[in-house]
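Report on the structure given below.
Computed from a prediction, not measured in an experiment: that's the story for all the values here.
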Amino acid sequence: MPDGPIRDDFAYTNFGLFDFFRRDYRVHFIFGVPMFLSRYRNTALALALSLMPTFSVAQDAFGTLTARLDGVERTWFLTALEEESQSFGMTVTAASMKSFSLWGQPTAETVAEVKDSLLLGFDVMTVGGSKIPLNVSLTYLADGWKSGWLANEEDQIVFSLTTLEEVGGGLFVEGSFTAAAHYSDTLVSGQVDPSQTMQIEGSFSATLPKALLKDQ
């Protein structure tokens with residue numbers, strides 16, 4: 001866990017040595033069970049998520065993603081149903097790294113909605129006394145995993161981590177991002193059409209509860 005708050009802005013830097021932590025594999029939680037997945041290439045994940053029920057009772061919102069999609073500002077909610085959530089934070093001790101998946105729900109009343117959701121993923125690696133963001137990706141699932149917009153390359157995203165600190169209820173993270181996302185009509189495959197681009201500018205703020213913080 002971090003020693004204290006990080007207040008400086010760090011530009012997104014891609015360290016290829018640790019690319020496999022986010023570009024090739026991701027831990028995802030379905031009803032609290034960690035699953036190691038090949039990102040955007042696992043059709044089983046897409047099917048499982050598309051069949052999951054949309055909960056509409058007793059959600060707890062612990063953060064938000066706010067973004068402008070083609071100039072229209074919207075807010076997505078980071079939610080949990082007791083200890084179940086599509087968002088998580090994970091510490092990879094051997095790599096001095098923390099991995100975050102912030103899955104924004106279109107309303108504060110859902111916890112597992114896929115359609116019209118916004119997914120922000122990033123890692124933070126400790127190098128000396130610095131916390132360096134890397135392997136940032138942003139996905140707008142306009143029609144679930146069927147179609148949407150994806151930015152997961154270094155030259156597509158400007159990312160700033162402004163705060164990372166322990167708080168009484170868990171771990172607080174906040175920052176901002178600007179992405180040039182490409183359209184995909186088969187989003188789960190990771191294949192995009194570079195000729196179709198949408199600008200997405202936004203920010204995030206969340207206090208991940210301890211129940212959603214895992215160690216690897």
**Request:** Check whether any side-chain N or O of Thr207 sits under 3.5 Å from a backbone N or O of Phe62 as a donor-acceptor pair, and report yes or no.
**Result:** no
dist Glu166:CD -> Leu171:CG (nearest 0.5 Å) comes out at 7.0 Å
When every non-hydrogen atom of Gly71 is compared with those of Arg68, the smallest separation belongs to O-NH2, 2.5 Å
Correct closest heavy-atom pair for Val136 and Phe122 would be CG2-CB, 3.9 Å
Value for CG (Asp123) from NZ (Lys131), rounded to nearest 0.5 Å, stands at 14.5 Å
Sub-3.5 Å donor-acceptor pair from the side chain of Ser87 to the main-chain atoms of Trp103, do we have one? yes
**Prompt:** Does Ser96 use its side chain to pair, donor to acceptor, with the backbone of Met125 at less than 3.5 Å?
**Reply:** no
Task: Donor-acceptor under 3.5 Å (Ser184 side chain, Thr186 main chain) - done: yes
- Item | Side chain to side chain, Lys115 and Asp143, heavy atoms closer than 4.5 Å | yes
Do Val72 and Ile200 land in one hydrophobic cluster if side-chain heavy atoms of ILVMFWY residues count as linked below 4.5 Å?
no
- prompt: Judged by atom type as modelled, is there a donor-acceptor pair below 3.5 Å linking the side chain of Thr79 to the main-chain atoms of Ala108?
  reply: no
Distance col, row Lys146:NZ vs Leu187:CG, nearest 0.5 angstrom, shows 12.5 Å
> Shared ILVMFWY cluster between Phe177 and Phe77, side chains joined below 4.5 angstrom?
Replying inline: no
In this structure, CG of Leu208 is separated from OG of Ser85 (nearest 0.5 Å) by 7.5 Å
Next on the checklist: Whether the side chain of Ser130 engages the backbone of Ile132 through a donor-acceptor N/O pair (distance < 3.5 Å, no angle test) should be reported.
Outcome noted: no
To the nearest 0.5 Å, atom CD of Glu84 lies from atom CG of Asp60 at 12.5 Å
One pair to check against side chain to side chain donor-acceptor pair (under 3.5 Å): Ser147 and Asp185. What are the steps and the verdict?
CA-CA 4 Å; Ser147 63; Asp185 58 6; over 6 Å; no
Nearest heavy-atom approach of Leu102 to Leu65 is O-CD1, 3.8 Å
**Check: Ala179 main-chain N/O paired with Gln156 side-chain donor or acceptor under 3.5 Å** = no
Subject >> Check: Gln105 side chain, Ser117 main-chain N or O, donor-acceptor pair, under 3.5 Å >> reply: no
In terms of heavy-atom contacts, Pro106 and Glu113 come closest through CG-CG, 3.8 Å
Side-chain heavy atoms of Asp70 within contact of Trp149, under 4.5 Å:
no
Side-chain heavy-atom pair Asp116, Tyr140 within 4.5 angstrom cut-off: yes
**Asked** Checking Thr139 side chain against Leu141 main chain: does a donor-acceptor pair fall under 3.5 Å?
**Response** no
Shortest non-hydrogen pair, Ala80 vs Val111, comes out as CA-CG2, 3.8 Å
What one should report as the nearest heavy-atom pair of Leu119 and Ser101 is CD1-OG, 3.4 Å
Student check: side-chain heavy atoms of Glu201 and Thr178 closer than 4.5 Å | yes
Interatomic distance, CG@Leu161 vs CZ@Phe100, rounded to 0.5 Å, equals 8.0 Å
Are Ser195 and Tyr183 close enough that some pair of their side-chain heavy atoms sits under 4.5 Å apart? no
